[in-house]
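Reading through the structure tokens given below for one structure.
We use all heavy atoms of the structure for the numbers below, so side chains are in, but hydrogens, waters and symmetry mates are not. Only a predicted model underlies this, so the values are computations on that prediction, with no experimental measurement involved.
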There are 2 protein chains.
Amino acid sequence: MATNIRDVAKAAGVSVATVSKVLNGYTTVNANTKEKVLALVKEMQFRPNQAARALVGRRSMTIGIFLTTGLAHPFFTKILGGMEQALKDKGYDLIYLAQLSRNKEYSFVRHCQSRNVEGVVVFGFQHDDMDFGELMESGIPTLFIDLDMQQGRAGFISSDNEEAIGKAVAYVAGLNHRKIAFLSGMRHSYTGRLRLDGYRAGLKKAGIPYRDDYVVDGDFTKEEGYRLMKELLANPDRPTAVVCGSDLEAIGAIEAIREAGLSVPEDISVVGFDDIEIAAHVSPPLTTVRQDMATIGRRAIELVDGLINDGTMPPPAEIVPTTLVVRESCAPAKEQ
Amino acid sequence: MATNIRDVAKAAGVSVATVSKVLNGYTTVNANTKEKVLALVKEMQFRPNQAARALVGRRSMTIGIFLTTGLAHPFFTKILGGMEQALKDKGYDLIYLAQLSRNKEYSFVRHCQSRNVEGVVVFGFQHDDMDFGELMESGIPTLFIDLDMQQGRAGFISSDNEEAIGKAVAYVAGLNHRKIAFLSGMRHSYTGRLRLDGYRAGLKKAGIPYRDDYVVDGDFTKEEGYRLMKELLANPDRPTAVVCGSDLEAIGAIEAIREAGLSVPEDISVVGFDDIEIAAHVSPPLTTVRQDMATIGRRAIELVDGLINDGTMPPPAEIVPTTLVVRESCAPAKEQ
DNA sequence: TTGAAAGCGCTAACAC
DNA sequence: GTGTTAGCGCTTTCAA
């Protein structure tokens with residue numbers, strides 16, 4: 001068995017209560033006692049048993065993570081990477097609540113409670129994927145990534161999708177393109193909706209009228225990008241630039257464009273979204289909008305932590321700026 | 001507060017001991033009682049508090065994960081994806097022990113103990129990155145991924161690196177290449193060593209003598225691939241094929257080859273390693289060796305679970321087969 | 001077949 | 001400033 005608080009107390013010649021007090025930063029402890037205890041704690045490598053701590057109702061120092069996509073979602077890695085340092089700084093461990101999806105009728109909230117998680121980060125869900133009512137009512141501090149849930153102790157964080165697409169449109173418009181299509185993704189999702197808004201806003205700003213036939217909607221995959229681009233290419237009034245909802249879609253679109261005997265960016269300019277690792281390596285290197293996933297991950301943890309520690313903190317709605325990464329998939333429009 | 005065992009006991013008109021027994025599958029419970037309790041458990045959505053369970057010394061149903069690379073390692077995602085189902089099947093939750101690296105003198109073993117983890121999966125370490133002695137002695141069931149640790153309650157799992165590179169060499173040799181270089185990665189690591197062995201074995205099988213000047217050693221990055229390829233290109237007796245230790249290295253190598261005014265695969269054939277997502281999308285699409293990370297992840301969990309539940313289970317050393325994925329980065333050698 | 005009670009390691013009154 | 005003690009929710013003897 002590992003060292004416990006009693007061992008430390010015995011070694012220090014004090015009571016367990018005293019050890020507990022120094023461990024929890026109570027100020028009513030004599031400086032010498034405190035020092036002695038701290039020295040012993042270090043020497044004996046004592047770490048309080050988290051289960052016991054959690055049990056007595058104090059902090060479990062555990063944040064749960066809840067995903068649809070499964071652990072293998074490509075962004076998720078980057079988000080995790082961003083969470084890492086914040087987790088360390090705040091002293092949390094992250095627990096992946098795996099049992100969840102096995103059993104739809106098994107309440108997620110119960111799982112959280114049985115694990116004593118102090119807060120939860122949710123990623124990969126759309127509004128209608130699930131009824132979050134129980135979670136909201138549970139009062140468990142919750143942070144949604146890319147989903148605008150904001151009520152009770154739940155807030156969210158997301159890239160500035162609208163501004164991002166607006167920027168992409170402005171960029172190609174600045175290259176004198178007037179026939180700018182939007183190969184969107186999941187138009188009815190939170191992010192999809194905002195991106196469509198951004199597209200319209202971008203067009204408006206550039207003085208370009210919106211056309212329904214320049215908007216096609218997919219699911220962010222390469223295959224879908226390919227298919228949708230074919231549709232756009234079939235348009236008698238072919239667009240000269242296409243802004244995509246994901247890099248994968250953009251790559252699929254490029255494939256379709258080439259198959260049609262056209263080239264990127266000479267004939268059609270393409271803008272991606274996400275700046276996944278591939279983006280810089282495909283040909284031509286993709287001009288795309290970079291989402292700052294690391295910041296999103298880090299802030300997600302910082303925000304749940306805020307929710308956990310400050311009962312009065314209003315549920316956050318944080319928007320993270322994006323960056324347009326200009327590479328080689330866009331060129332000035334040919335004279336028209 | 002969430003429902004607890006006492007609530008259930010009260011509702012069922014039995015003692016908490018009885019509820020506990022049905023929950024833990026004791027057979028000494030009356031069938032009717034059992035049924036009633038089970039119904040209530042379901043109805044009340046009762047889940048035993050894991051902290052309390054862990055505290056009384058029973059199972060915590062928690063597996064810890066320990067990484068150097070940080071959460072953002074590209075493979076780690078795939079490994080996690082593979083772990084997912086096994087985790088669900090066995091009923092574990094996965095906890096990322098984040099605090100670790102913050103504080104080198106803070107023992108990892110203590111962290112595990114304080115979290116009551118039943119087993120640990122370790123990924124991303126080389127032998128000399130760390131002293132695993134304490135972990136080994138602790139008796140905590142441990143599974144290393146890609147590191148040949150095997151003693152006490154610790155075993156490992158890894159791709160068949162030697163066979164993999166052997167296969168790659170055989171493939172290009174089959175394309176009539178005789179000047180086959182090996183742009184390796186971390187030659188002194190466990191995997192690096194085996195891959196070098198595989199390279200030599202592959203050459204031998206093909207009847208090609210080994211040459212020291214055809215082996216360069218890097219760190220798996222694209223930049224390193226670029227740099228090392230330059231070295232190989234400077235060789236007066238330039239290789240016509242190069243087998244790489246990672247896809248990223250291969251991509252860097254291709255860049256260097258092109259910069260030298262040569263083309264892939266016409267002048268030089270290139271084989272990657274890993275089959276990361278990019279591999280299929282670069283130009284030319286990369287012929288590479290695919291590691292079955294999903295299987296590695298799944299088996300890792302199954303194996304720790306075995307170690308946890310069967311005290312007599314010998315520490316595993318599982319080797320997972322790889323697949324050669326042929327795309328377009330290799331061509332028959334020109335006549336020599 | 002069931003229940004009473006001790007105790008896992010810790011924290012937080014409360015008493016001294 | 002420090003110690004005593006109850007109790008967090010559960011499992012597990014042990015007795016009934």
Review point. What's the closest nucleotide to the V56(B) side chain, out of dC8(C), dC8(D), dG3(C)?
Key: dC8(C)
Practice item. Starting at atom CZ of R115(B), determine the distance to atom P of dG9(C), rounded to an integer number of angstrom. Key: 17 Å
Check your understanding: Taking only residues two or more places apart in sequence, or in another chain, which ones meet E318(B) in a salt bridge (charged side-chain N to carboxylate O under 4.0 Å, His left out)?
Key -> R299(B)
Review point. Side-chain N or O of N49(A) less than 4.0 angstrom from OP1 or OP2 on dG9(C)?
Key: no
Check your understanding: With sequence neighbours left out, what residues match H188(A) under side-chain hydrogen bond (donor to acceptor under 3.5 Å, both in side chains)?
Key -> none
Study note, to complete from the structure: When rounded to whole Å, the CZ to P distance for the pair F46(B) and dT11(D) reads 7 Å
Review point. D310(A): what forms a side-chain hydrogen bond (donor to acceptor under 3.5 Å, both in side chains) with it, not counting sequence neighbours?
Key: T312(A)
Practice item. Mind checking salt bridge (charged side-chain N to carboxylate O under 4.0 Å, His left out) for D146(A) and listing every partner two or more places apart, or none if nothing turns up? Key: none
Practice item. Please assess H111(B) against D93(A) for the test side-chain contact (heavy atoms from CB on, under 4.5 Å), listing each intermediate value before the final yes or no. Key: CA-CA 10 Å; H111(B) 197 157; D93(A) 288 325; 2.7 Å; yes
Check your understanding: Are OP1 or OP2 of dC10(C) and a side-chain N or O of R6(A) less than 4.0 angstrom apart?
Key -> no
Practice item. Could you check whether the rings of Y190(A) and F156(A) sit parallel, tilted or perpendicular, using 30° and 60° as the cut-offs? Key: perpendicular
**Study point:** Nearest-angstrom distance from the residue atom CG of N116(B) to C1' of dC10(D)
**Key:** 13 Å
**Study point:** V14(A) side-chain proximity, nearest of dG3(D), dG9(C), dG3(C)
**Key:** dG3(D)
Point to revise | With V320(B) via side-chain contact (heavy atoms from CB on, under 4.5 Å) - residues at least two apart | key: I157(B), D292(B), T295(B), I296(B)
Practice item. Nearest whole angstrom, please: distance from the C1' of dC8(C) to the CG of L55(B). Key: 4 Å
**Study point:** Side chain of A17(B) (C-beta onward), nearest among dC10(D), dT12(D), dG3(D)
**Key:** dT12(D)
Exercise for review: Report the residues that fulfil ring pair (Phe, Tyr, Trp, His ring centres under 6.0 Å) with F220(A), sequence neighbours left out, ordered by chain and then residue number.
Suggested key: none
Point to revise | Length of the CD-P vector between Q113(B) and dC10(C), whole Å | key: 12 Å
Check your understanding: Can you tell me how far C1' of dT12(D) sits from CZ of R59(B), to the nearest Å?
Key -> 17 Å
Exercise for review: Starting at atom CD of Q50(A), determine the distance to atom C1' of dC8(D), rounded to an integer number of angstrom.
Suggested key: 15 Å
Review point. Mind checking what makes side-chain contact (heavy atoms from CB on, under 4.5 Å) contact with A39(B), not counting sequence neighbours?
Key: none
**Study point:** Residue-phosphate contact under 4.0 Å: R53(B) side-chain N/O, dT11(D) OP1/OP2
**Key:** yes
Check your understanding: Rounded to the Å, how far apart are I5(A) CD1 and dT5(D) P?
Key -> 17 Å
Practice item. Enter the inter-axis angle for the ends of the helix from dT1(C)-dA16(D) to dC16(C)-dG1(D) (five pairs per end, rounded to 10°). Key: 40°
**Study point:** Within residues 19-35 of chain B: residues closer than 4.0 Å to DNA chain C (heavy atoms)
**Key:** K21(B), T28(B), V29(B), N30(B), T33(B)
